[in-house]
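Okay, structure first, notes after.
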Amino acid sequence: MLSKETKLQMLEKMMLIRAFEEQAEKLFMKNLVHGTMHLSIGEEAVAVGAIFALDKSDYITSTHRGHGHMIAKGGNIKKMFAEFLGKETGYCHGRGGSMHIADFSLGNLGATGIVGAGIPIATGAALALKMQGSNNIVLCFFGDGASNEGNFFEALNMAAIWKLPEIFLCENNQYAMSSSVKRFVSVPDIADRACAFGVPGVAVDGMDVIAVYEAVKAAVERARSGKGPTLIEAKTYRYKGHSKSDKNLYRTKEEIEQWKKKDPIKTFTERLFELGELSEKELEMIKNKVQTTISEGVEFAITSKEPDPDTVEKYVYAEEGEKE
Amino acid sequence: MRIITYKEAVREAMTEKMREDRTVFLMGEDIGVYGGAFGVSMGMLEEFGPRRVLETPMSEATFTGVGVGAAIMGMRPIVEIMFADFLTFSADQLVNQAAKLRYMTGGQVKVPLVIRAPQGSGTGAAAQHSQNVEAWFFNIPGIKIVAPSNPYDAKGLLKSSIEDDNPVLFLEHKLLYNTKGEVPLEDYRVKIGQSRILKEGSDITVVGSSIMAYRALKAAEQLLDEDSISAEVIDLVTLKPLDVKPIINSIKKTHRLLVVYEGCMTGGIGNEVISRVVESDAFAYLDAPIFRLAGKDVPIPYNRNLEKNAVPQIQDIKDKVKFIVKGGWNA
């Protein structure tokens with residue numbers, strides 16, 4: 001059973017992710033962002049539910065829509081905003097931007113912009129952990145789009161034959177850019193694809209943070225005890241467009257509104273109120289805390305320096321004897 | 001000194017590194033009892049067991065990525081791609097992941113990954129199992145590419161590649177696997193990033209790598225005997241990063257340059273060698289135009305004679321050298 005404290009932490013993380021991304025969009029509208037962004041607003045329960053089921057020392061791989069994963073894993077908001085604005089103080093010193101935020105010290109092995117390409121990397125990390133006799137596991141986030149990439153099938157097969165400590169977590173947000181799962185996925189549940197590999201496949205309500213947590217928790221136990229991978233499909237929804245160029249021509253306003261009724265933050269807040277585990281005062285405190293973190297993060301990013309253009313060739317190669 | 005084959009040299013480098021470093025392991029297709037398609041890993045399964053000689057399903061794209069994932073977690077994987085032509089499957093993991101991870105994350109990670117792949121023509125394997133693939137990866141920042149021409153370099157370079165903290169594409173040549181050469185019993189390294197003079201000469205500089213360095217050396221030996229032409233042969237050894245300094249110095253002595261490469265003429269590595277020479281002070285020393293001898297712009301054909309005609313042979317190198325040295329271009 002999750003303690004009240006843990007549940008409030010989960011709520012806070014979801015609110016922090018939402019606030020980060022709403023702020024990111026504002027920065028974008030103010031023309032302060034050079035590149036693009038992929039917002040996960042609406043999908044917060046997946047990142048938070050999954051990562052709360054892991055130990056701090058476990059690992060994740062992330063995707064182009066990865067802000068939520070990084071924040072749930074304990075990411076530093078200042079460094080995230082700074083990276084978003086391309087500053088030297090950002091997570092990747094302005095070399096990666098929104099799409100490539102990683103923090104190896106926190107066990108986030110990176111976010112890839114190539115759909116599905118993080119899956120083999122997660123499998124390799126899980127192989128390394130097994131070879132090293134570690135008790136840790138790797139959770140690999142990917143989307144419904146990536147579930148049509150060959151890498152997904154190949155990696156699931158490999159993780160299954162080698163019984164790797166890995167969890168395949170498919171965030172099914174219904175659309176790969178504009179391509180609906182209804183048109184491009186051959187089965188109603190992506191989770192069913194697991195049976196082809198002799199792996200358990202679990203479909204779960206991705207708008208329900210506790211449901212995600214419980215599904216991942218079971219997969220964690222399986223992975224940690226050497227029984228191999230699990231495929232979890234969390235059914236969720238992205239409220240915002242795919243990226244900055246999206247005009248939402250492929251779906252209806254009604255559909256978006258229908259999903260918003262199941263909003264993960266709203267429903268979880270209501271549930272905590274009902275359970276008597278959250279008071280108005282506590283909610284206010286969380287909101288204030290989140291707002292302060294966001295304000296400080298933005299302030300840090302805006303006042304940070306740009307990278308020196310002359311350092312463009314730095315970080316291409318690891319040099320001999322180089323200090324980290 | 002002890003004489004062993006190129007194939008044995010590759011195996012020795014892997015074996016010795018795996019004995020001394022528990023993080024090193026080999027993965028790929030049919031590398032166990034079969035010993036790999038060319039027998040390079042023959043016997044390694046018996047010594048290291050199936051966990052460190054890890055046989056994979058036929059999923060090149062993914063097991064290359066598995067190598068990347070293991071590398072960023074502190075392992076030093078050696079991934080064998082059965083034929084270099086299959087690197088097309090591995091391309092995303094090599095180009096977009098392995099090569100860019102360090103840069104994209106602002107130096108947070110190292111990717112000590114070795115991809116070993118045999119390339120090149122001459123075995124009658126036709127177009128999909130014979131290509132020289134150097135140029136495919138030559139303009140990818142973040143990886144190193146080496147292509148040894150002899151057993152000594154193969155062993156010393158592979159050890160250096162395994163110890164390198166960057167992704168290294170280690171290109172072997174199928175026709176060289178059974179060639180023999182001196183390899184000391186003592187531990188040694190060949191540094192990545194250094195080209196080398198294989199034979200000194202005064203009339204012309206001939207540059208090549210892998211099988212073309214081997215053929216250029218044979219051609220130079222015959223030219224000296226048959227035509228009294230003294231060719232200096234330089235083996236690039238490492239293709240990326242390219243070391244042109246010895247070539248520039250050599251041209252100042254010989255005043256002529258022929259660059260030989262096996263890959264297709266258009267967009268091949270020799271063009272970069274020439275560009276760097278043209279931009280250097282060696283240009284003023286040239287007494288003849290710079291010439292290339294390269295693979296024709298064709299897929300590798302099956303028929304023996306067609307196949308030979310698709311890439312430079314020893315006789316082609318000899319003919320081209322004579323043409324340049326005797327001023328045939330000026331006729």
Side-chain angles (χ1 to χ4, degrees), chain A residues 59 61 83 88 90-97 99-105 109-114 116-132 134 138 140 149-159 161-162 164 307 313-320 322 324, chain B residues 22-23 25 27 50-52 54-77 79 89-90 92-93 95-113 141-144 160 163-167 191-193 240-241:
Chain A
Y59 296 87
T61 61
E83 189 58 37
E88 181 63 33
Y91 258 121
C92 313
H93 305 300
R95 268 71 174 177
M99 210 164 5
H100 302 301
I101 294 175
D103 186 338
F104 284 74
S105 69
L109 302 176
T112 182
I114 307 293
I119 306 176
I121 294 176
T123 305
L127 174 68
L129 289 170
K130 185 167 180 168
M131 284 179 153
Q132 292 158 354
S134 165
V138 184
C140 170
E149 291 280 3
N151 275 337
F152 163 63
F153 299 99
E154 294 184 3
L156 195 52
N157 180 55
M158 255 180 256
I161 60 171
W162 293 334
L164 296 183
E313 287 171 307
K314 202 175 171 185
Y315 307 124
V316 178
Y317 292 98
E319 298 304 332
E320 221 174 310
E322 181 184 338
E324 284 301 284
Chain B
R22 292 286 307 173
T23 67
F25 69 100
M27 63 188 290
R51 288 187 179 180
R52 297 185 70 202
L54 183 64
E55 294 194 87
T56 62
M58 296 194 68
S59 311
E60 292 86 356
T62 290
F63 72 71
T64 303
V66 167
V68 177
I72 64 173
M73 292 292 283
M75 303 299 283
R76 291 190 177 272
V79 173
F89 275 124
S90 308
D92 176 67
Q93 288 295 333
V95 173
N96 280 319
Q97 314 303 328
K100 294 177 184 170
L101 260 173
R102 179 174 182 78
Y103 194 82
M104 290 194 305
T105 60
Q108 286 189 54
V109 67
K110 290 173 177 172
V111 189
L113 169 70
I143 59 170
K144 298 182 180 181
S160 296
E163 288 163 4
D164 200 286
D165 284 331
N166 299 283
K191 273 190 99 168
I192 295 175
K240 191 181 175 74

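Lettering of chains follows the sequences in order, A, B, ..., and the numbering in each one begins at 1.
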For [X], is it the side chain, the backbone, both, or neither that has a heavy atom closer than 4.5 Å to a heavy atom of chain B?
X: A:Leu109; result: both
X: A:Ile101; result: neither
X: A:Phe152; result: neither
X: A:Leu129; result: side chain
X: A:Gln132; result: side chain
X: A:Ala102; result: both
X: A:Lys314; result: backbone

- Item | Contact winner vs chain A - B:Pro57, B:Gly69, B:Ala99, heavy-atom pairs under 4.5 Å |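 Ranked by heavy-atom pairs under 4.5 Å with chain A, first place is B:Gly69.
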- So which of B:Val111, B:Asn96, B:Thr23, B:Thr105 has the biggest tally of heavy-atom pairs under 4.5 Å with chain A?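 Maximum pair count with chain A is reached by B:Thr105.
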Flag the one option from [options] with the top tally of heavy-atom pairs under 4.5 Å to chain B.
options: A:Gly90, A:Ser105, A:Ala155, A:Ala117; answer: A:Ala117
options: A:Tyr91, A:Phe153, A:Tyr59, A:Trp162; answer: A:Trp162
options: A:Ile161, A:Asn151, A:Asn157; answer: A:Asn151
options: A:Lys130, A:His100, A:His93; answer: A:His100

- Query: Are the side chains of B:Gln97 and B:Asp92 in touch, meaning some heavy atoms are under 4.5 Å apart?
  - Reply: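 Result yes, sub-4.5 Å side-chain heavy-atom pair found.
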- Do B:Ile72 and A:Phe104 come close enough that some side-chain heavy atom pair is under 4.5 Å?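 Yes - at least one pair of side-chain heavy atoms lies under 4.5 Å apart.
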- Query: A:Glu88 and A:Arg95: side-chain contact (heavy atoms from CB on, under 4.5 Å), yes or no, with the steps?
  - Reply: CA-CA 8 Å; A:Glu88 181 63 33; A:Arg95 268 71 174 177; 3.2 Å; yes
For residues [X] and [Y], report the shortest heavy-atom separation together with the two atoms involved.
X: B:Gly67; Y: B:Pro77; answer: O-CG, 3.3 Å
X: B:Arg102; Y: A:Tyr315; answer: CG-O, 3.3 Å
X: A:Val138; Y: A:Ala126; answer: CG2-N, 3.6 Å

- Quick one: do A:Glu154 and B:Thr62 satisfy side-chain hydrogen bond (donor to acceptor under 3.5 Å, both in side chains)? Show the steps, please. CA-CA 6 Å; A:Glu154 294 184 3; B:Thr62 290; 2.9 Å; yes
- Stepwise side-chain contact (heavy atoms from CB on, under 4.5 Å) check, B:Asp164 with B:Ile192: CA-CA 9 Å; B:Asp164 200 286; B:Ile192 295 175; 3.8 Å; yes
- Task: Please say which of B:Asp165, B:Val79, B:Asn166, B:Ile143 ends up in a side chain to side chain contact (heavy atoms under 4.5 Å, CB included) with B:Leu113.
- Result: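 Exactly one option meets the side chain to side chain contact (heavy atoms under 4.5 Å, CB included) with B:Leu113, and it is B:Val79.
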- Item | Portion of B:Thr56 that has a non-hydrogen atom of chain A nearer than 4.5 angstrom |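 Answer is both: backbone and side chain atoms of B:Thr56 are under 4.5 Å from chain A.
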- Item | Interface moiety of B:Phe25 toward chain A, non-hydrogen atoms closer than 4.5 Å |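 Side chain of B:Phe25 only, per the 4.5 Å heavy-atom cut-off to chain A.
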- Message: Working note: B:Gln93 + B:Glu60, criterion side-chain contact (heavy atoms from CB on, under 4.5 Å); need CA distance, chi angles, decisive distance, verdict.
- Response: CA-CA 10 Å; B:Gln93 288 295 333; B:Glu60 292 86 356; over 6 Å; no
